[in-house]
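Right, one structure below, let's go through it.
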Amino acid sequence: MAPHKKKIEAYLDCVSPYSFLAFSYLSQHKQALEDLNVEIEFIPVFLGGIMASSGNKPPMALAAKSAYSPYDIKRAQKYFGLRFKVPDFFPFLSLLPQRCLTLVKEEYTEQYDALHKACFQALWLDHKDLSKQENMIAVLQGVFGTEQATKILKDSQGPDVKKKLNDVTKHTAETLGAYGCPWFWVHDGKGKAEPFFGSDRFHYMWDFLDLPHQDLELLPAPILGKL
Ligand SMILES: N[C@@H](CCC(=O)N[C@@H](CS)C(=O)NCC(=O)O)C(=O)O
């Protein structure tokens, strides 16, 4: 049953630049949203699995989408005020960071948001390929001590974590209808929940959540100007 509380479940994969934009934007407004009784949960998924389950293909697999993409990502970066270049190693296999995030979300909840931010920043700002163990351990060490980081990296390769990420990814695609990232499953607090796709749909989300007019500063400036 949908919770009778306003809640944004954000299904993200750090391979997705639009997930980075959505994560940064929601993190920036997390307190303001909590003050409005809107809870946010960031949930790691494997975008490759969502693509496979839904029968979708990565945008780069379609020539027209691939040609359009550089225009869109540049506009999105300007809009959110977050500039970055797409690294040479893109696209890369995101299983390693997504498994580490899955484990940390369960077992080290307090450090989870910090690790999530560190993974996005390492990939998109510092161009560290997190499919490589030596880069992933460096990110873990920045949040945890060396001993804990080594344990997390090792444990994240275990069958329980693999299954958990697999199950959540399957649930996101098969039950919540996801075909890409960032995917959101949003509870309106009155027992209804709906999906939203993309970092460019927050204005629809605020409307669905029936946020009061005095709180419209939540919206990015370009949207505010048009209201
Ligand atoms: N318009 C969306 C685009 C998001 C997007 O293109 N996400 C990619 C991953 S980075 C995806 O999953 N695409 C699937 C699709 O477009 O069908 C936004 O601004 O966030």
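The basis for the numbers below is simple: all heavy atoms, side chains too, and nothing from hydrogens, waters or symmetry mates. Start at 1 and go down the list; that is how both ligands and their atoms are numbered.
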Under a 3.5 Å distance rule, please check whether [X] uses its side chain to pair with a backbone N or O of [Y] as donor and acceptor.
| X | Y | result |
| --- | --- | --- |
| W124 | C14 | yes |
| Y18 | A76 | no |
| Q141 | T146 | no |

Would you mind running through ligand 1 and noting each atom that sits below 4.0 Å from a heavy atom of [X]?
| X | value |
| --- | --- |
| G180 | 12 (O) |
| N56 | 14 (C), 15 (C), 17 (O) |
| G198 | 2 (C), 18 (C), 20 (O) |

Residue portion contacting ligand 1 (non-hydrogen atoms closer than 4.0 Å) for V15: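 Contact part for V15 vs ligand 1: neither.
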
V161, L130, L140 screened by side-chain contact (heavy atoms from CB on, under 4.5 Å) with C100, the one that passes: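 It is L140; the other options fail the test.
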
More than 12 heavy atoms from other groups under 6.0 Å of CG on D88: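 Open: at most 12 neighbouring heavy atoms sit under 6.0 Å from CG of D88.
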
Flag if over 12 foreign heavy atoms under 6.0 Å of CD, E110: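 Atom CD in E110 is not packed in, count stays at 12 or less.
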
D167 and its side chain to side chain donor-acceptor pair (under 3.5 Å) partner, picked from K170, K163, K164: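 That would be K163.
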
What residue and heavy atom of the protein are closest to [atom], and at what distance?
| atom | result |
| --- | --- |
| atom 20 (O) of ligand 1 | S199 N, 2.6 Å |
| atom 1 (N) of ligand 1 | D200 OD2, 2.9 Å |
| atom 9 (C) of ligand 1 | C181 O, 3.5 Å |
| atom 16 (O) of ligand 1 | K65 NZ, 3.6 Å |
| atom 10 (S) of ligand 1 | S16 OG, 3.2 Å |
| atom 13 (N) of ligand 1 | P59 CG, 3.5 Å |

Contact with ligand 1 for M51, non-hydrogen, under 4.0 angstrom: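 M51 counts as a contact of ligand 1 under the 4.0 Å cut-off.
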
Heavy-atom gap P17 to ligand 1 smaller than 4.0 Å: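 Contact present.
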
N or O contact, Y18 vs ligand 1, cut-off under 3.5 Å: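 It does not: no N or O of Y18 is found under 3.5 Å from an N or O of ligand 1.
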
Point-to-point distance, once rounded to the nearest 0.5 Å, from CE of M205 to CG of L26: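 Answer rounded to 0.5 Å: 6.5 Å.
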
